[in-house]
Amino acid sequence: MVSVSAYAQAIVLLPFVSFVVALFARDNLPKGGAYSGIAATAGSLLLSLATLAAVYGGRTVNETFYTWAVGTGAQDWTLSFGALIDPLSALMLVIVSLIALLVHVFSLGYMNDEGEEDLPRYYAGLGLFTASMLGFVIADNLLMAFMFFELVGLCSYLLIGFHFREPGPPSAAKKAFLVTRFGDYFFLIGVVAVFTTFGTAAFAGAESFPHLAEAALGGDATVWTPGNMAESTWFTIVGLLVLGGVIGKSAQFPLHTWLPDAMEGPTPVSALIHAATMVAAGVYLVARMYGFYVLSPTAMGIIALVGGFTALFAATMGVVKQELKQVLAYSTISQYGYMMLALGSGGYVAAVFHLTTHAFFKALLFLGAGSVIIAMHHVEDMWEMGGLKNKLPVTYWTFLAGSLALAGIFPFAGFWSKDEILYETLIHGLNEPLLLIGYVFGLLAVPVTAFYTFRMVFLTFHGEPRSDLARDPHPVRWNVKGPLSVLGVLAVVTGGINLVPVKKVLGIKGIDVLHKWLNNDWGGIEGLSSHHYAKIGPYESGYLFGGEAATVIAGAAVSLTLALAGLALAWRLYGVADPAEHTAKLGQIRELLYNNYYQDEYQVRIADAVRDAASGADTFDQGVVDGVVNGVSSVSLLSSERIRRVQTGIVGNYALLLTLGLTTLLVVFALIGGWFQ
């Protein structure tokens, strides 16, 4: 029988093979390599489902494939490649491979039918992108994860800039690459710190760094720390260093500015980036390292606060955008903020739940936007649309399902996962003021999310057509409708995998499938009921009105009411035959939001300040350091020039110089001897 680790290797290698085939076969492939990509991702999906079944019941497979360096010293260390297959990674494998398959199929309608050039390069990029993310998911250690993390960033750069002959995409690709690299510098330092501290970067097992950290805090192990720094302080610093890479990849404040610009890439690429690869990688990494992060309440609090603030901050910018994909971009930043809020608040399962539901409804919304863009001949301005509801019925109804899930409307998938995040944050925030602030941020983002989501729906599909393109849209084919239909169903039913509120209120057992699936296996760390974890919590729960069920009902009622209020306001302002741009009435506030709080300008100023500082250092280097070096070299050159003339090659001259030198030495020694008598 084939082992689970063999499945894992094949899951990664199949898309990589499609990358190699598309790269080298190129024009010899039908549809530019689309079919080989579809076959490869379909194979990965089937193997991922088999892997999911194989780890049922909480089984974990941790196997090393290849060891490429071993060191000895104060601590032995090993650099290796391996696979960690547990319920978390198995679930993520299914999500990534399924979304990648649907994106490949959708690309047949979006890229091939639109007469795009250089399709082999596109499908090669998709294959490498998928393989990189799958490799990142199965990584059994932090160094391997970092390497695939960087490959994911490289692939996003290549695909965002796919249309490199146009002015916008290359600039957006460079921005995405540079901003995320800034965060990855901290990540790399964090990787080095983990190796230096623990001598290992393994995620799970008795000798993994989370277990060693837990043992060190409990006094059962000794690890390296700089100076006399306390272990708890140092572990917090290490966790925050890794968090720098997470904030960059998952587009959290303040490193979120690259993601809206990334909309310059093809729409199927946007779906893959936002739903299952690039942006999901950061949140997945925190979930994978959760056993380490729970050891630092300070790091957890920072994660929660950054996530909650980002959820609200990004949502406010989505209310004024005019381009369809721009609204969805800010929505993604906001939704990943919710996941970070959950992770920082002790809601590990809630974060993984929202990661799952969001992957499906956000992929649906982006591919639905792609269908609209095809119909509108690549016009993305929502004010040029309107009246598409009856002309694109499959697109409309599936897009509506995704929008209801995004807005958190009962009973769609997003309602269950977002509500569980808010519930976990609330019950822990009742005893932790920092988390309570995060909860308020998350709650305020609910009506804003519903408003910008249905503003988008009404402007795009409802009312009267506002342009000739909207009056006579281009039809879409099965390869567009098929993926939308699959994702539309998932946006409706995926919430059923974790009906925690129903269980807590009605006491029905067996409906919190995801909780049972993850089996309290917090980021690969079994048995976190040890003395230290039990001591720190991670947080103590509190309840409103003295009861758990009452807290669930009150929290869900408040969030659903706010979501319906946002939907109603959007209907009131934009659900009419001839809507007006009501956000214009916001005046300077609208300008502030439309220009993204001038974040890009601030970042440019910071970059200019760094450049000026570097220029000042360069002036000092050239004027002082180089001056000294050049002065020494001038003296050396002058001396060598004079001495070189002595070397005539005539033996008589050398004998004369030798005699003169000896005579001079005798005279000097005689004088010195006279001075000392």
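Below, all heavy atoms of this structure are taken into account, side chains as well, without hydrogens, waters or symmetry copies.
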Task: Which residues share a ring pair (Phe, Tyr, Trp, His ring centres under 6.0 Å) with Phe353, sequence neighbours left out - done: none
Task: Separation of Leu355 CG from Met339 CE (nearest 0.5 Å) - done: 5.0 Å
- [ ] Taking the side chain as every heavy atom from C-beta outward, state whether Trp517 and Asn498 have any atom pair closer than 4.5 Å.
- [x] no
- [ ] With the side chain counted from C-beta on, respond yes when Val379 and Ile373 share a heavy-atom pair under 4.5 Å apart, and no when they do not.
- [x] no
- [ ] Would you check if the side chain of Thr41 reaches a backbone N or O of Ile38 as a donor-acceptor pair within less than 3.5 Å?
- [x] yes
Open item on the list: According to salt bridge (Lys or Arg N to Asp or Glu O under 4.0 Å), who are the partners of Lys249, at least two apart in sequence or on a separate chain?
Closed with: Asp184
Open item on the list: Measuring centre to centre across the rings, with the benzene-like ring taken for any Trp, is Phe65 within less than 6.0 Å of Phe81?
Closed with: no
TODO: Classify the angle between the aromatic ring planes of Phe253 and His256 as parallel (below 30°), tilted (30 to 60°) or perpendicular (above 60°).
DONE: parallel
TODO: Could you walk me through whether Val246 and Val283 pass the side chain to side chain contact (heavy atoms under 4.5 Å, CB included) test, one step at a time?
DONE: CA-CA 7 Å; Val246 171; Val283 169; 5.6 Å; no
Task: Shortest non-hydrogen contact between Ala271 and Val103, atoms and distance - done: CB-CG2, 4.3 Å
Task: Distance flag, aromatic centroids of Phe361 and Phe412, threshold under 6.0 Å - done: no
TODO: State, to 0.1 Å, how close Leu108 and Ala34 come at their nearest heavy-atom pair, and which atoms those are.
DONE: CD2-CB, 3.6 Å
Open item on the list: Within the structure provided, determine whether Phe106 and Lys481 are in side-chain contact (heavy-atom separation under 4.5 Å).
Closed with: no
- [ ] Name all residues meeting the side chain to side chain donor-acceptor pair (under 3.5 Å) criterion together with Ser331; count only those two or more places apart in sequence or in a different chain, and write none if there are none.
- [x] Lys362, Tyr452
TODO: Apply side chain to side chain contact (heavy atoms under 4.5 Å, CB included) to Phe360 and Leu98, showing your working.
DONE: CA-CA 9 Å; Phe360 298 135; Leu98 174 58; 3.7 Å; yes
Task: With Phe399 via ring pair (Phe, Tyr, Trp, His ring centres under 6.0 Å) - residues at least two apart - done: Phe461
- [ ] Could you tell me whether a side-chain N or O of Arg455 sits under 3.5 Å from a main-chain N or O of Lys321, the two making a donor and an acceptor?
- [x] yes
Task: Lys175 side chain near Thr257 side chain, heavy-atom distance below 4.5 Å - done: yes
TODO: Hey, could you give me the NE2/CG distance between His354 and Leu341, rounded to the nearest 0.5 Å?
DONE: 10.0 Å
TODO: Please answer whether the main-chain N or O of Ala450 pairs with a side-chain N or O of Thr453 as donor and acceptor at a distance below 3.5 Å.
DONE: no
Side-chain polar contacts of residues 157-174 - donor-acceptor pairs under 3.5 angstrom, sequence neighbours left out - could you list them?
unit_1, atom_1, unit_2, atom_2, d
His163, NE2, Glu116, OE1, 3.1
His163, NE2, Glu116, OE2, 3.2

TODO: Kindly indicate, with the supporting measurements, whether the criterion side chain to side chain contact (heavy atoms under 4.5 Å, CB included) is fulfilled by Leu126 and Val269.
DONE: CA-CA 8 Å; Leu126 282 187; Val269 170; 4.3 Å; yes
Task: Check: Ile85 and Tyr7 side chains under 4.5 Å, non-hydrogen atoms - done: no
- [ ] May I ask you to decide if Thr395's main-chain N or O and Thr398's side chain share a donor-acceptor pair within less than 3.5 Å?
- [x] yes
Open item on the list: Check whether Thr310 reaches the backbone of Ser334 with its side chain - one donor and one acceptor, N or O, closer than 3.5 Å.
Closed with: no
Task: Contact summary for Gly495 and Ala413, nearest pair of heavy atoms - done: N-CB, 3.6 Å
Open item on the list: Please report the interatomic distance CG(Leu84) to OG(Ser5), rounded to the nearest 0.5 Å.
Closed with: 12.0 Å
Open item on the list: Are Tyr336 and His358, when compared by the centres of their aromatic rings, separated by less than 6.0 Å?
Closed with: yes
- [ ] Using distance alone, with no hydrogens and no angle criterion, decide if Tyr330 and Gln335 have a side-chain donor and acceptor under 3.5 Å apart.
- [x] no
Open item on the list: Testing the basics here: between Gly386 and Ala470, what is the closest heavy-atom pair and its distance to 0.1 Å?
Closed with: O-CB, 3.7 Å
TODO: Kindly write out the residues that satisfy salt bridge (Lys or Arg N to Asp or Glu O under 4.0 Å) with Arg26, not counting sequence neighbours, or none if the list is empty.
DONE: Asp118
Open item on the list: According to side-chain hydrogen bond (donor to acceptor under 3.5 Å, both in side chains), does anything in residues 267-283 pair up with another residue at least two apart or in another chain? List the pairs.
Closed with: Tyr110-Thr267, Thr267-Lys325, His274-Thr332
Open item on the list: The criterion is ring pair (Phe, Tyr, Trp, His ring centres under 6.0 Å); which residues satisfy it with Trp416, sequence neighbours excluded?
Closed with: Phe410
- [ ] Drop me the distance from Lys418's NZ to Ile421's CD1, to the nearest 0.5 angstrom.
- [x] 8.5 Å
- [ ] State, yes or no, whether a side-chain contact exists between Leu487 and Ile99 at a heavy-atom distance under 4.5 Å.
- [x] yes
Open item on the list: Going by the rule side chain to side chain donor-acceptor pair (under 3.5 Å), which residues pair with Glu264 if we only count those two or more places apart in sequence or in a different chain?
Closed with: none
Open item on the list: What I'd like to find out is whether the side chain of Tyr123 reaches to under 4.5 Å of the side chain of Ser107, using heavy atoms alone.
Closed with: yes
Task: Under the salt bridge (Lys or Arg N to Asp or Glu O under 4.0 Å) test, residues paired with Glu384 that sit two or more places apart - done: none
Open item on the list: I need the full list of side-chain hydrogen bond (donor to acceptor under 3.5 Å, both in side chains) pairs touching residues 128-140, with sequence neighbours left out, sorted by first then second residue.
Closed with: none
- [ ] Please name the pair of heavy atoms, one in Ala311 and one in Ala445, separated by the smallest distance, quoted to 0.1 Å.
- [x] O-CB, 3.7 Å
Open item on the list: Donor-acceptor check, side chain of Arg466 to backbone of Met382, threshold 3.5 angstrom: yes or no?
Closed with: yes
Task: Over 12 foreign heavy atoms within 6.0 Å of CZ, Phe16 - done: no
Task: For the student: nearest non-hydrogen atoms of Met278 and Thr180, plus distance - done: CE-CG2, 3.8 Å
- [ ] Answer yes or no: is there a side-chain heavy-atom contact under 4.5 Å between Ile11 and Leu93?
- [x] yes
- [ ] Give the C-alpha distance, both sets of side-chain angles, the deciding distance and a yes or no for side chain to side chain contact (heavy atoms under 4.5 Å, CB included) between Leu119 and Lys31.
- [x] CA-CA 8 Å; Leu119 285 174; Lys31 299 290 185 179; over 6 Å; no
Task: Set of residues satisfying ring pair (Phe, Tyr, Trp, His ring centres under 6.0 Å) with respect to His104, sequence neighbours excluded - done: none
Open item on the list: So does Thr494 get a backbone contact from the side chain of Thr357, meaning a donor-acceptor N/O pair under 3.5 Å?
Closed with: no
TODO: With rounding to the nearest 0.5 Å, note down the distance linking NZ in Lys391 to CZ in Arg471.
DONE: 9.0 Å
Task: Arg288 and Tyr284: side chain donor to acceptor below 3.5 Å - done: yes
Task: Rounded distance [0.5 Å steps], CE in Met385 versus CD in Gln322 - done: 11.5 Å
- [ ] Could you point out which residue of Leu328, Asp600, Ile333, Asn596 forms a side-chain contact (heavy atoms from CB on, under 4.5 Å) with Pro260?
- [x] Ile333
